[in-house]
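The structure displayed is predicted, hence computed values, not measured ones.
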Amino acid sequence: MPRSFPLEHIRNIGIIAHIDAGKTTITEKVLYHTGRTYKIGQVDDGTTVMDWMEQERQRGITITSAATTCHWDDHRINIIDTPGHVDFTAEVERSLRVLDGGVVVFDAVAGVEAQSETVWRQADRYSVPRICFINKMDRIGANFERCLAMIEERLHAKALAVQLPLGKEDTFEGVIDLIEGKAWHLDGKTDSKPVEVAIPESYNLKYEEYRRTLIERLSEEDDDIMNAYLENRSIPVSDIKAALRRITLANKGIPVLCGTALKNKGVELLLNAVIDYLPSPADMPPVKAIDSRKGTETIRPASDEAPFTALAFKVVADPFVGRLVYLRVYSGRVMAGAQIFNSTRDRKERIGRLQLMHANRYEDVEMADTGSIIATLSLKNTFTGDTLCDASHPVMLESIRFPEPVLSVAIEPKTRDDRDRLGEAMQRMVEEDPTFKVHFNEETGQTVISGMGELHLEVIVNRLLSEYKAAARVGKPRVAYKETVTCPAEAEGKFIRQSGGRGQYGHVRIKIEPLECGGGFQFVDKIKGGVLSKPFILAAGAGIKEAVETGGVAGYPVVDVKVTLYDGSYHDVDSSELAFKMAGSMAFKNGIKKAKPVILEPIMRLGVVTPGQFLGDIIGDLSSRRGHIEAIETCGDTMTIRCLVPLSRTFGYATSLRSLTQGRATYSMEFFRYQEVSAEMIDSKEEGAAQKG
């Protein structure tokens, strides 16, 4: 069966940015101009295509990434619109894992904001080529040059301006194309096309300066441009675009465009840049994988003729069509109804219907070929991060790593009927959201749900109550404290029980040592000379791991610790795996008391943007929250405060900030790291809110 689009004519891109930069608005304009929709939705009215969830329309923010497909200039563009709020960063993570390119959107007034840095680092992690779009050029305070400088300074990227704004703030009327040497007038009317006009004389010097800078910076990274530049030859437009494309694909430079999506200025030129500079699947290096049979590294080229290989990056429980699994096909083809192999779970699955997604609507197709982003039904045992492949050529792709949740709340059903409904709803949401965790605390008898922040948990609870009709009582947020050790210690654990018949005997000696931050838990077997048999060693390790997860001295999970089992003894008759599991747990609990344990609390990086007149009040409030000010930046009358604050002190901060600044300040927050906190700092209020275990 022939391809509907050549591989070189496909673009898989994501729209990523800080919250309120205008991602969803840009996507709406793109869908309209490409003929995918016939009416432009508005975020403020809750009528956008991509923000289809009820929670998104009520709050005016993107919560879950939404996929769609459109066509421009004989190219197919698969778009994923991602959230900008830090609580939903997992949606950005899994989207970037499967995308080939990204459009990073910046607010022309705020420039590079806190979450902009986070999504940029995520894109760096997956080596995603990017172009930048500086949005909202019509706002008071918009500053194109400042945004360019911030991209260079904060993101350590080579910003290559390919456009200059014509006018600024309320006089913004178009852009100058630095490559083609022409100006485009943009009147902002819905169906108007960019109109080519002469570059105004007042902009000639600025145009010459910026174009010369662009050529110089391109010559630093591209030999063809350097040779032409040194020989003082005229460089054709096609050669400049080709060089800029090579530099973009190699992540050596970032083309920067500008406009204002809300007023329909610059979106069509942005689409042209997506086609010109962002990669097709054929431009990307072959995806690396592990051969499941040999355990060696192999590759899968982007070709329909290669064995089928795909990554499941999203699971959605759709109330109308059922369980949808989103796939990125890296190689080969798959037909609806075909049998495939889940190498992650070592299970065979059968593909159901294949669907091209358009937010929450879909279009059935018979086949998904290389480069496709597709959704399918009937994959009951496939979850986020699983590899799907040809059973005769099994491979394993790199999975997707997600951050651990930092906030928890207790939740309990109101009636017995609600218990089953709530359990089923939470199971579905765990499958959808890898950063949502459910845990039953045996000590308190409570069901505890954990997430990435206040907003994340609030949205989840609202979905449980409204979408799944599960009536429940919800407790207050609880901080996910942890423990670690600060010095080495040795300990032993003996489990001896005698009750008439066969008894229980297990005895181990261990050494506990601290690891660097982020080291997790390591168990090392240093038993020599057959002192203990392998089953007893494994059982002791399981007991130690269970004790680590159950909690240390204060009852919080222990992290960044290495436990070495180096000695022990057994009884020929009475020893059992259960006895050694108990002995391992006892040894760890005895040893951690000697290893000078400390409590760790999650620290958040907070960015506050405020008018200068409120600076003193905000700093005073942050100090009362144990905030550590890192920097204060000034831009006109606007001040940006960057600081570190314990998560436990951020509850209710949105309300407090609005009160202090008459609602004129905004803030963003992201997880930074876990940090030691002295015992006296955890007051009774925090202890009551903290989730043990």
Side-chain angles (χ1 to χ4, degrees), residues 13 15-18 20-45 47-50 70 72-73 77 79 81 103-111 131-148 151 159-200 202-203 206-207 210 255-278:
I13 66 167
I15 313 291
I16 56 177
H18 184 89
D20 286 338
K23 299 179 301 300
T24 302
T25 300
I26 288 174
T27 308
E28 289 294 316
K29 301 291 183 178
V30 165
L31 295 178
Y32 181 80
H33 286 295
T34 57
R36 193 68 172 84
T37 58
Y38 300 96
K39 181 181 178 183
I40 299 174
Q42 300 292 332
V43 173
D44 293 340
D45 298 337
T47 56
T48 60
V49 172
M50 303 305 279
C70 59
W72 182 257
D73 192 22
I77 305 177
I79 301 174
D81 177 31
V103 177
V104 188
V105 184
F106 299 99
D107 185 315
V109 178
I131 60 177
C132 294
F133 184 76
I134 298 176
N135 193 26
K136 305 185 180 182
M137 287 299 303
D138 60 329
R139 284 187 60 197
I140 295 175
N143 191 323
F144 182 75
E145 289 81 6
R146 174 174 175 265
C147 290
L148 286 176
I151 292 171
L160 303 171
V162 296
Q163 291 179 351
L164 277 181
L166 268 178
K168 67 176 187 177
E169 299 178 350
D170 58 345
T171 63
F172 176 69
E173 60 181 5
V175 298
I176 298 173
D177 188 322
L178 294 173
I179 297 177
E180 298 191 5
K182 59 179 69 169
W184 295 100
H185 177 71
L186 310 169
D187 63 13
K189 295 179 181 177
T190 302
D191 294 309
S192 294
K193 300 290 183 183
V195 177
E196 184 180 342
V197 296
I199 298 175
S202 58
Y203 279 85
K206 193 172 184 180
Y207 161 72
Y210 270 81
V256 182
L257 299 87
C258 61
T260 174
L262 186 63
K263 295 188 177 176
N264 200 45
K265 296 182 178 182
V267 176
E268 291 183 71
L269 300 177
L270 174 63
L271 278 167
N272 292 336
V274 167
I275 302 302
D276 289 340
Y277 307 124
L278 289 183

May I have all residue pairs that pass salt bridge (Lys or Arg N to Asp or Glu O under 4.0 Å) and include part of residues 176-185, sequence neighbours excluded? Glu180-Lys182, Glu180-Lys241, Lys182-Glu196
Spacing of CG belonging to Leu257 relative to OH belonging to Tyr277, to within rounding of 0.5 Å: 7.5 Å
Yes or no on side chain to side chain contact (heavy atoms under 4.5 Å, CB included) for Val274 and Ile13, after CA distance, side-chain angles and deciding distance? CA-CA 8 Å; Val274 167; Ile13 66 167; 4.1 Å; yes
Close side-chain approach of Tyr203 to Ile176, heavy-atom, < 4.5 Å: yes
Would you name the heavy atoms of Ala183 and Ala198 that are closest together and state the gap between them? CB-O, 4.0 Å
Answer yes or no: is there a donor N or O on one side and an acceptor on the other, between the side chain of Asn135 and the main chain of Ala21, under 3.5 Å? yes
Show your working on side chain to side chain contact (heavy atoms under 4.5 Å, CB included) between Ile77 and Ile275 and close with a plain yes or no. CA-CA 9 Å; Ile77 305 177; Ile275 302 302; 4.0 Å; yes
Calculate, to the nearest 0.5 Å, the distance between atoms CG and NZ belonging to Asp107 and Lys136 respectively. 4.5 Å
Is there a side-chain contact between Leu186 and Thr260 (heavy atoms, below 4.5 Å)? no
List in chain and number order the residues that pass salt bridge (charged side-chain N to carboxylate O under 4.0 Å, His left out) with Lys263, two or more places apart in sequence or in another chain; answer none if no residue qualifies. Asp138
Glu169 side chain to Gly141 main-chain N or O, any donor-acceptor pair under 3.5 Å? yes
With a 3.5 Å distance limit and no angle check, can you tell me whether Arg146 reaches the backbone of Ala108 through a side-chain donor-acceptor pair? no
Partner of Tyr32 under side chain to side chain contact (heavy atoms under 4.5 Å, CB included), picked from Asp191, Thr27, Asn264, is Asp191
Evaluate the criterion side chain to side chain contact (heavy atoms under 4.5 Å, CB included) for residue pair Trp72 and Val30; output intermediate values, then yes/no. CA-CA 9 Å; Trp72 182 257; Val30 165; over 6 Å; no
With rounding to the nearest 0.5 angstrom, report the CG to CD1 distance, Leu270 to Ile131. 5.0 Å
Contact check, side chains of Val256 and Phe144, non-hydrogen atoms, under 4.5 Å: yes
Could I get the full list of salt bridge (charged side-chain N to carboxylate O under 4.0 Å, His left out) partners for Glu268, not counting sequence neighbours? Lys193
